Number of protein chains: 2
Amino acid sequence: MAVEAGRKCLENGNIHASRVEAFYLGNFAGPSFVGQNHLAPYVGSALGVTGAPSTRIEAACASGGSAFFHAWSSVAAGIYDLALVVGVEKMTSQPTPKVAEILAGAGDLSGEIKAGATYPALFAMIARRHMHQYGTRREDLAAVAVKNHANGAKNPFAHMRKVITLEQALAGKPVSEPLTVYDCSLVSDGAAAVLLAPLERAAEFTARPVLVAGAAQTSDHMALDEKEDITTFPAVKLAAGKAYRMAGVGPGDVEFAEVHDCFTIAEIIALEDLGFVKPGEGGPYSSAGCTLPGGPKPVNASGGLKAKGHPVGATGVAQICDVAAQIRGEGGDMQLARHSIGLAQNLGGSGATAVVTVLRQP
Amino acid sequence: MAVEAGRKCLENGNIHASRVEAFYLGNFAGPSFVGQNHLAPYVGSALGVTGAPSTRIEAACASGGSAFFHAWSSVAAGIYDLALVVGVEKMTSQPTPKVAEILAGAGDLSGEIKAGATYPALFAMIARRHMHQYGTRREDLAAVAVKNHANGAKNPFAHMRKVITLEQALAGKPVSEPLTVYDCSLVSDGAAAVLLAPLERAAEFTARPVLVAGAAQTSDHMALDEKEDITTFPAVKLAAGKAYRMAGVGPGDVEFAEVHDCFTIAEIIALEDLGFVKPGEGGPYSSAGCTLPGGPKPVNASGGLKAKGHPVGATGVAQICDVAAQIRGEGGDMQLARHSIGLAQNLGGSGATAVVTVLRQP
């Protein structure tokens, strides 16, 4: 999958792999899922990249975003002129309990995980607290699920292309209350790839370049009990602030976004942490249809992690691909009306890593 | 261990963790050895680093060297002014067969590993071919072991402080012929840390800064059968050439080195690939005592991976620490007479990743 994605990307850029100056692989848990470690030169050499530094970046569910961030930093700083980023995860070859165990490794194993928490349980606590603190309703969570399922149905690359109703979402099989299966992202296999070059050289590779206007990676504590308020992710706020300043834009300028909806509550909180709405307003904003493709602030037009799928290490790179496709006007059935400035937000664990990237037409 | 090393490093630099602008963690297989993934913010936040990008780099046995390389690149390019690198591996909590299985993940799992090769077997093949091609003798391999054991005995941080004779080395219990236990590096627990800043700011943190004069990370195919000649690691040659050019020095200018002696044959090949001697001369050069602490080109004065130990993700960072300590004149019982220019060479797998770093007095 990683090689297929990387190869397509190089073909799109009309270049041979030997020209790649640095290769970054975003992957969360290849060694645990499939046994293979040292994945960067493994994938890189299969693509034809040898000689160049090939580096695997792991940052839990933000592995792909982090790999993109480091590749972009290096190109932006002038270290390399041509960097290839691939994100990949192969999850479905393991049985579900094993998948849950591997995913738990992204959390505080000796603390919250040992105490019995799984990721759905952690985000269920976050959801309950958000409901308690702001009056967020089950219907608000379900609205996110309904929208992302509808969006995913239009995405030929989506893992699940299935429209659901609000009633179905509300009646979903419980996973960790208040979260049902419809509130949880998918265990998926997938890969995505991006080619980075300085803007002044972009014309060599594409007629429709997309500019990375601002980007930031940030960190925070691993465990929820170390946080003052579990209804917000400080790392996301910090990353968004940095990325906005770098891009010279504010949240109001962002026309659409791909956000990290590992659980529906995470999309609602993302709306708040990214400054699209005030704290506590993410639920009503979603229920009001504001994040629909036709709304004022389309979010996850791709279907998001909920419907497009969440192959962990690929997710952050796929978000960049989806935002870039919109900016290029190549969104197909998903194409949005306003598409000059978009944002991607990738979250690791329950907020210990965040990556926010602002992209726009050059 | 990672936090202990990081904390000591920050204390030596007399700075608070909150001033760290970027944190890099070199770790090969924490998720497999201890279950915990997403280790960069886990270790970083325990150190007091939150907010800054915290990134885990995995490149098999070169994870530490690669983490250092990326931190250094970023500081050298002006992205950050203060970067902390920690390398860590906790290996001994798993039984030996499990350790072998985890280490095998650094090789081509679906090819050479599936065919039955373990790392000792791969390097045994390399040794046999080197012997066949160049007349390298068992005594040459044993000379490397004897030297590194003697050096390690003087290192207070070494895993094994045990002097051995040539006879003992030659009579070692076979692991994968011609390699015996004395030809194989140790399964160790350990951590190391380095603080990087621009040279013009180094005085804020230390009275004895060490300059990174040149550094390179390179890649190659994973499997031995994809290589034209298994008695050399092209990635090491390429990285050394780049690092030398950047530093404006040649192999003859390097006064001492820490090289990746995961197996004794790997040290002999390193001498050749780094250009210290011609291909095939590494064995006789070692047997002649040229790499002894009192010889013309001291190699692995720390005891190397053989005696100091090989906590995989820590190794590449520890090599930098050892070279830096020598340059500062802080080598203690290991201190070398000539110590103005040193080199560190870190190898991933059977050569799919290489990192070479040239350090010197500013």
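Each chain gets a letter, A, B and so on, in the order the sequences are listed, and its residues count up from 1. Only a predicted model underlies this, so the values are computations on that prediction, with no experimental measurement involved.
When each of B:I113, B:V49, B:T50 is scored by its heavy-atom pairs under 4.5 Å with chain A, the top score falls to B:T50. Annotation: maximal heavy-atom pairing with chain B below 4.5 Å, among A:I102, A:L238, A:T353, occurs at A:T353. Put simply, of A:G348, A:A235, A:A40, A:S66, the one with the most heavy-atom pairs under 4.5 Å next to chain B is A:G348. Interface remark: of the candidates A:A67, A:G107, A:C61, A:G107 forms the most heavy-atom pairs closer than 4.5 Å to chain B. The most heavy-atom pairs under 4.5 Å with chain B, out of A:A77, A:S110, A:G51, A:S54, come from A:G51. For the options B:A62, B:A354, B:A106, heavy-atom pairs under 4.5 Å to chain A are most numerous at B:A106.
Only the side chain of A:I79 comes within contact range of chain B, with at least one heavy atom under 4.5 Å from a heavy atom of that chain. Both the backbone and the side chain of B:A352 come within less than 4.5 Å of a heavy atom in chain A. When heavy atoms are compared at a cutoff of 4.5 Å, B:I57 approaches chain A by way of both its backbone and its side chain.
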B:Y80/A:S73 under side chain to side chain donor-acceptor pair (under 3.5 Å): CA gap, chis, key distance, verdict: CA-CA 11 Å; B:Y80 311 111; A:S73 300; 4.7 Å; no
Chi angles and distances behind the side-chain contact (heavy atoms from CB on, under 4.5 Å) call for A:H38, B:M222: CA-CA 9 Å; A:H38 206 189; B:M222 292 280 277; 3.8 Å; yes
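Counting all heavy atoms, side chain and backbone alike, A:E58 lies closest to B:L39 at OE1-N, 4.0 Å. Taking all atoms of both residues into account, the shortest heavy-atom contact from B:Q217 to A:T55 is NE2-OG1, 3.1 Å. Taking every heavy atom of both residues into account, A:S219 and B:A52 meet most closely at OG-O, 2.5 Å.
Within a 6.0 Å radius of NZ in A:K242, more than 12 heavy atoms belonging to other residues, nucleotides or ligands are found. The environment of B:E200 atom CD is dense: over 12 non-hydrogen atoms of other residues, nucleotides or ligands sit within 6.0 angstrom.
Side chains of A:E226 and B:S45: a donor-acceptor N/O pair is absent below 3.5 angstrom, by distance only.
Distance CD/A:Q36 to CG/B:D108: 6.5 Å, rounded to 0.5 Å.
For residues 20-34 of chain A, a heavy-atom distance under 4.5 Å to chain B picks out A:Y24, A:F28, A:A29, A:P31, A:S32, A:V34, given by residue number.
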